[in-house]
Structures are given as C-alpha cells and as structure tokens.
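So that the names make sense, note that chain A is the first sequence line, chain B the second, and so on, each numbered from 1.
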Protein chains: 4
Amino acid sequence: MTNPLDTTSDHRPGGGYTARVRVQVRAELAERGYEGLTTEGVATRAEVHRAMVYRCWRDAGGLLIDVIDAAGEIDWQPPNTGLLRGNLTALNQEIQESPVVRPSLAVALMAASFHSERTARAQTRLWADWYARCEILVERAVGCGGLDARHTDARSLLIAATAPLHHQLVLLRADPDPRLPKRAAETAVLAAAAGAFTVHREESV
Amino acid sequence: MTNPLDTTSDHRPGGGYTARVRVQVRAELAERGYEGLTTEGVATRAEVHRAMVYRCWRDAGGLLIDVIDAAGEIDWQPPNTGLLRGNLTALNQEIQESPVVRPSLAVALMAASFHSERTARAQTRLWADWYARCEILVERAVGCGGLDARHTDARSLLIAATAPLHHQLVLLRADPDPRLPKRAAETAVLAAAAGAFTVHREESV
Amino acid sequence: MTNPLDTTSDHRPGGGYTARVRVQVRAELAERGYEGLTTEGVATRAEVHRAMVYRCWRDAGGLLIDVIDAAGEIDWQPPNTGLLRGNLTALNQEIQESPVVRPSLAVALMAASFHSERTARAQTRLWADWYARCEILVERAVGCGGLDARHTDARSLLIAATAPLHHQLVLLRADPDPRLPKRAAETAVLAAAAGAFTVHREESV
Amino acid sequence: MTNPLDTTSDHRPGGGYTARVRVQVRAELAERGYEGLTTEGVATRAEVHRAMVYRCWRDAGGLLIDVIDAAGEIDWQPPNTGLLRGNLTALNQEIQESPVVRPSLAVALMAASFHSERTARAQTRLWADWYARCEILVERAVGCGGLDARHTDARSLLIAATAPLHHQLVLLRADPDPRLPKRAAETAVLAAAAGAFTVHREESV
DNA sequence: GTTTAAGCGAGACGGTACGTCTTGTCTTGGC
DNA sequence: GCCAAGACAAGACGTACCGTCTCGCTTAAAC
C-alpha cells in the first residue's frame, strides 16, 4: 500500500524506491518461491541498501505483508459474461490459469501467508477483499431471477464454487484439470438451485 | 518406518532413534511451526547428533517428507455413523477440530508442503491417500441407495463436501464456524442428488 | 565555551545547548566508557537533535576533543601544603583517587585520546597544561631552599614523581596502592637531592 | 596462545588458520590502529570466513586478547650489557624505538587494552610478565655489588626507570627525546643509591 | 514592517560492522 | 561399519551506529 495510513509498515516514505522494492519482491517470489526470498536479494535487485529495507519494512515479514496487501489493491473485477454459471466458470478459469507457472507468485503468496501471524492476517484480508468483490456476481444473479428470490448467502455460494479449484491447485498441488472450472461452477449452481445457500431467518439469529 | 516408497533417505539403519527423531520433528512443528523447525532443535530434543539427522534424512526436507509420509500411515478410517450426510458432517467436524490449536501440526504440515517439490509431492500423496480412504463413504451411499444408481464421481463429491472446510481453515485462516461442517456436507449431498457428480459418457470424450 | 583555539567546530552559536551537550558527553563517558559513547546517546540525553551535534561538533571526535579541552579549563590548582615532598605526595594522592571508580571519566578520556590524531593532540595539550600548572610546586621548592640553588628541570622532576602513578593506574591497571603516592614522591625528591634533575651546561649543547 | 589450556578463547582448534589470523590482526592493528580493526577485515585478509573468527575468538575483544597474550610469548630477554645504569638505558632505548612508527602496534595494543575488562586484564598480564623478565637486571646489580646489599624492591626501581618513557610516549604522545632513556635510567639509579627502593622490614608487614 | 537568512528540529538515506543462527559437508576417533 | 563429536565454509538475519542530506519552521537582524 502506498497508503500513508497503512498501519502495517513503520514509515514508508515518499522515496521512489518503494515501488521498485515491491516489484523486486514479487519477482523474487515468482522466481525462487517464498523460501528463496531474502532481504539481501531484494535489496540488491532493487538497487537499494539492505539497511533501507529493514528501516522501511522492518523485516522479511514486512515485505511479504506489503506485497500481499498490494495484491489486493489492483483494480480487479470479476468477469461479467452473462449468467451466473458462466460467470463462475470464468472466475474459476482465471483461478486455474494464474498459478500455472511453477513456482508462481500465487503459490508463493500462499506459502508466505504461513510465515507469521501478521502475514496470515494480510492473507485473510486479501481473501476477504476478493470474496467481497465477487459477491456482485451472486447479487446480479439474484436480481435477474437466476436464483430463488429468497436471500442467498453469496459468500457460501462463492466458496462452494471456487474452493474445489483452490483445493486442487494449492493444497493438492494436482495438475490443472481443464474441466474442473466448469464442473465446480455447475455443482455450486445446482446446489444453489436446490436451496443449499438459502438463509433462513432462524439461522441468522 | 523404512517406508519402501521413500526415495529420500540414504540409509535408515536399525538404530532406535528413527522413531525418536520423528516424534521430535512433530513436536517441533507443533510447538514452533514450520519455520521454527531446525535440524539442531530436532537433534537436540531427540538426543541424537545433528550429523546423524543429515546422514539419515539427507536434509531438512527429508525430515519433513518423512513426517508427512508418516502422517499417512496411521490407521485412520473415516467415520461410519450411518447416512452419507451424517458421515460427511462427521468428517468435516474432524477436519475442523484438528487444527484448532495454533500453531498446529496440521497447519505446519501445510506450510511444510511448500518447502520444495519433494515435500509438495509428499503432501499430494497424503491427500490422495486420505481421499482414497474416504471414498468408501460414497460407495456405501451408492450401494445403500442413498444416491442415484448411476455412477457417481466419489472424489469430486468428497472434494465438494470438504473443500470449503479446508478453504476456511487453511487458506482463509478464519475462525472455525461450528455450523460449517454440517452445511458443507448438506450442500454436497444436495448437489449430488441433483446429479452434479454423475459421470456422463460424453464427458469422458 | 567557544574556545578560540578550537579548530574543530564549524560554528558554535549562542544556543544554550553547548554546555548541556558537554555535560552529557562526560556523563556518557563516565557511565559507559569511551566505546559506549554514541552521538545518539549524547543527543538524546541532552535533548538535542542528533543532527545538531554533527552541525556543531562535526563528528564523534569533535565531541571528545571538546570535552578533553574543557577538562583543561577548570580552575584547578596543585596542592600547596608546605614542603615539596608533601606537595608531590598530595598531588599523587589526587591522581590516585580520581579514577578509582571504573569506568571513570579519567580512564575514558585516556581511551578517547587514542581515537584519532586530533584527540591525541587534545590530550597532549591537556597534559602540557597540567604540568605547566604543577611546575609552581618545584619553583616554590627551589625558592624556599628546598632544592639545590642550581636550576632544576621542573618538568622532569614532576614526571619522575607522578609517572609511576599513572603507569600503575592507567597502563598496568593495577589496584591502587595506598603507599605509592608517598613513595613515588619521596623517590623523586631523593633523586632531585642527588642532582638528577639539575640542568648542566654541556647537556644543552 | 597456541596453548590448548588457554581459558581465554572458546575452542581454538588445530587448524592452520589460527596463526594466519593472528598475523592479520597484528597487521590491521599496525596499519589502521585499534579502531580500524574489524572482524571483517581480519577475516578477509586471513582468507577465513567471518563466522570462523567468531567461532574461535568469540568477538573483536577475543582477537585483541589473543594478540596481547601472544605478544607476551615471544622469547624476549632484557639487554645485558654490563652495569645496571647501562642496562636500564638500553631497556629504555628499546621502549623508545618500538612505537616510533605511527600508528604502531604498541600504541594500538594500549588503545585496545581499554576495550573491555578482559582486554585490560590481558594487558595487565603482559606488563606483569614484562616486569618479571626485567627484574633480573636489578637482581644482577644487587649481586654484583652495584647496589646496597640491603634488599631492593626491583619492581619499583624498574617502574621508576621506565615509567617516564611510557609516560612520554604513550600518554603524553610527545616526540621521542633521544636523551630521555639515559636520563630516566640515571635518575632511577641515583634514587636507588639514595635508598629509595630499599625494603624495610616494617613495611613488608 | 516586512523579508531574509541563520539556527535548529526532524528524519530519510546510504553505508559499515557487528554478532547470531542455520545449513550442509567433511574429518577424526572410539567401539 | 556405525556413529558421536565437532571443525568448517557459506550466507542470511536483524541491529546499531555513523555521517550526510534535504526539508521546513521560527526568529532575529537587515533593509
């Protein structure tokens, strides 16, 4: 975050090296993976003195948090190609394609999130933001009559639709299955049609 | 365990220290997390010389692989309490309870799986084994008429049922939701009833 | 003190902080010894910004020189209790008592004098001043008939009388010997009586 | 000390680098003075990894102690040219000549001795050893009738004879005076002849 | 009476050295 | 031959200082 209110970092001044460092952190993560990330490497690549990195990001964890947070700031929007089914499929395809290069930034960020409590929280923020952005897909579908008029738990639907993808790619580390994005989307839509994500009054108590 | 599949270790002689070391690796992982694991720490706790660890497990990755593999060798069986829905719920509850303490062994193993290609493969083996064991749940349900007689893709059903749990706990690092195990199980069963996991001929083309 | 001899400082304006800083330098030296002296510590204690210290004293060496020079400006006079023997003994006693606490300012100043050529010169100035002040002791003795009427090299006599003290305390770092001040004084007086410090014509050739 | 009993250092193995490192410490001290000594510089010059230096000498202080101690192990003997007066003069001349190069090892060792308690003790040991070796000069003189037959405090005599030299060179940092060695020796001998260093019974109580 | 320069607080910045901690290899010597 | 012991090379880590610099604010003197 270039955001000066950022409570994560300690001082992060206006110096032009901030962006430069961030780029190099991402590069190192993508090239060498989380464990290959070193303050030394980043500093050298960014042509900044190692001490500077410590001053501004405190330690290796700070770099990670910064990059994870920065990942949430790109102006991404979920696909909007029409129907819910298609949108979820497209979403899944995006997920599937992103970490196709090994080691990828996406996987490295996952690994990084295990580094410390703070990186874990950053990762949690990132996911929360991502799901918040995706909820519009579900809301659109409800509005267009694609779903039961009763209130649907968008977050659960989205998780049902996308979790299998993340599961396969990140946890199982299986090779991508080209049919999985569509299948998982359809499964979620079927379940939704069957009322699986309907919010009952008494449950919300 | 002198696991015959284990291509990692160079020799693993009869010394009684093998089990001792494994126990300590697990203890260190559970206590200090993946990043806190050091050969020194393990060796000291196991009262073995550090060189011994390198001789037998080659390097830190070897220790991790060994422990991940060992995790797949315990004689675990999925719950069998009756109906598919109940079984899946029970399964999810087990998942939810395991990593409740932070840092836990389960989470540490996840983190460890990002260490290298080899630990990733060990983790993949572990998941494969786990799903294989769980497939019996689905097969029983099909056999008992709980599901459509047409062939059901057990693996997909299981992933649909459990992925949301792993997603919440491991990736989102959210606080456990006591209702989630049941909900995710029900969602998967609803989807299954709607034919989401039915294998069609044309799909295999 | 805006010492006119001081070639060190670039400017030393009227701000009241000059004295404050000097006091803190002395305090730091006495408390933490020469190696423990930092511009940061001094600045903080003196409630002055670190940059101010650099502006006015140029660098750490400047602080040291300043303090060494300031040590020569206190209005000290050698003891005058009567006879040469007694005066020298009293002088030695003063020497012996000053650095009795370790680490002391006196020892820290000695250490500081090794810092650079410039601090060494400041230290030399300090000694020169000290001996100049002490020469009165010898001159009085000559005048009062306590010594041979021929001209006596006061400086040599003083060094002979006090060097053993400094040697023991500063170089040998031995524990103070309560009898040493008197003994060293007597030795010097005996040598003086034997003509050891008499200046002969032929020697000046 | 190559002495394996050495309680100063922590392990100091048989590796051939020990001597190499010591040589480089001395070289650095002589070239750059005490403050210019860095573990980094020494390690690089000795072609040893920096970590090795820390392993074997613990820290910068360890290096200093080692070198100070080593300085006491060279097989030096005081001059023996005949009479006490001449011997003391020769001794003083040796002192005067040693630190003639600035910065010299001798001065650097002095500065180093202020580094810590431990280096100070090493320096004290060095002086004690040096005086012990020099006492033979006085004993010879007493034996040959050069001095009063009553017992003479050799150490005090030696200090009286040499302290002015050290004082001038190390503390006052004055330029060497070519006549000083002889003068200081004569002064001490005169004082001795006058009974300045005679040990009285009651004093030794 | 402004304005303008110095004094000074604040802190970013580049840089050196420190001492610690791991990792993984290799050698030596006892059983 | 197993293995305890530990030396060794390598390199990252995070900290503490150092000394330089550029901003701005304020305040006293110059115009």
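- What separates CZ of A:Arg45 from C1' of F:dA12 is a distance of 17 Å, to the nearest Å.
- Going from atom CZ of B:Arg20 over to atom C1' of F:dA4 covers 13 Å, rounded to whole Å.
- Across the protein-nucleic acid pair, A:Leu63 atom CG and F:dC13 atom P stand 9 Å apart, rounded to whole Å.
- For C:Arg50 and B:Ala60, each mapped to the nucleotide of DNA chain E holding its nearest heavy atom, the one lying further toward the 5' end belongs to C:Arg50.
- Judged by distance alone, with hydrogens and angles left aside, the side-chain atoms of D:Thr119 form no donor-acceptor pair with the main-chain N or O of D:Gly61 at under 3.5 Å.
- One finds no salt bridge joining C:Arg45 and C:Glu40 here, because no Lys/Arg side-chain nitrogen approaches an Asp/Glu carboxylate oxygen to under 4.0 Å.
- Distances were taken from every side-chain heavy atom of D:Asp59 (C-beta onward) to each of E:dG19, F:dC18, E:dT23; the shortest belongs to E:dG19.
- When the side-chain nitrogen and oxygen atoms of A:Tyr54 are compared with OP1 and OP2 of F:dT15, none of them lie within a distance under 4.0 Å.
- For D:Glu28 and E:dA17, the CD to P distance is 10 Å, given to the nearest whole Å.
- Looking at D:Asp69, D:Asp59, D:Leu29, D:Leu109 one by one, the single match for side chain to side chain contact (heavy atoms under 4.5 Å, CB included) with D:Leu64 turns out to be D:Leu29.
- Across the interface with DNA chain F, nearest-nucleotide mapping of D:Val48 and A:Glu40 shows D:Val48 to be the residue nearer the 5′ end.
- The backbone N or O of B:Ala71 sits nowhere less than 3.5 Å from a side-chain atom of B:Arg26 that would complete a donor-acceptor pair.
- Rounding to whole angstrom units, CG of residue B:Leu64 and C1' of E:dT22 are separated by 14 Å.
- The side chain of A:Thr39 contributes no N or O atom lying less than 4.0 Å from OP1 or OP2 of F:dA12.
- Between the P atom of E:dA17 and the CD atom of D:Glu35 lies a distance of 13 Å, rounded to the nearest Å.
- Judged by distance alone, with hydrogens and angles left aside, the side-chain atoms of A:Arg173 form no donor-acceptor pair with the main-chain N or O of B:Thr124 at under 3.5 Å.
- OP1 or OP2 of F:dC3 has at least one side-chain nitrogen or oxygen of B:Tyr17 nearer than 4.0 Å.
- Nucleotide E:dC31 holds its P atom 17 Å from the NE2 atom of B:His49, rounded to whole Å.
- Heavy-atom distances to DNA chain E give each of B:Thr38 and C:Glu47 a nearest nucleotide, and the one nearer the 5′ end belongs to C:Glu47.
- Below the 3.5 angstrom threshold, one finds no donor paired with an acceptor across the side chain of B:Arg55 and the base of E:dG24.
- The residue among C:Leu37 and D:Ala51 whose nearest nucleotide of DNA chain F is located toward the 5' end is D:Ala51.
- Between the C1' atom of E:dA12 and the CH2 atom of A:Trp57 lies a distance of 12 Å, rounded to the nearest Å.
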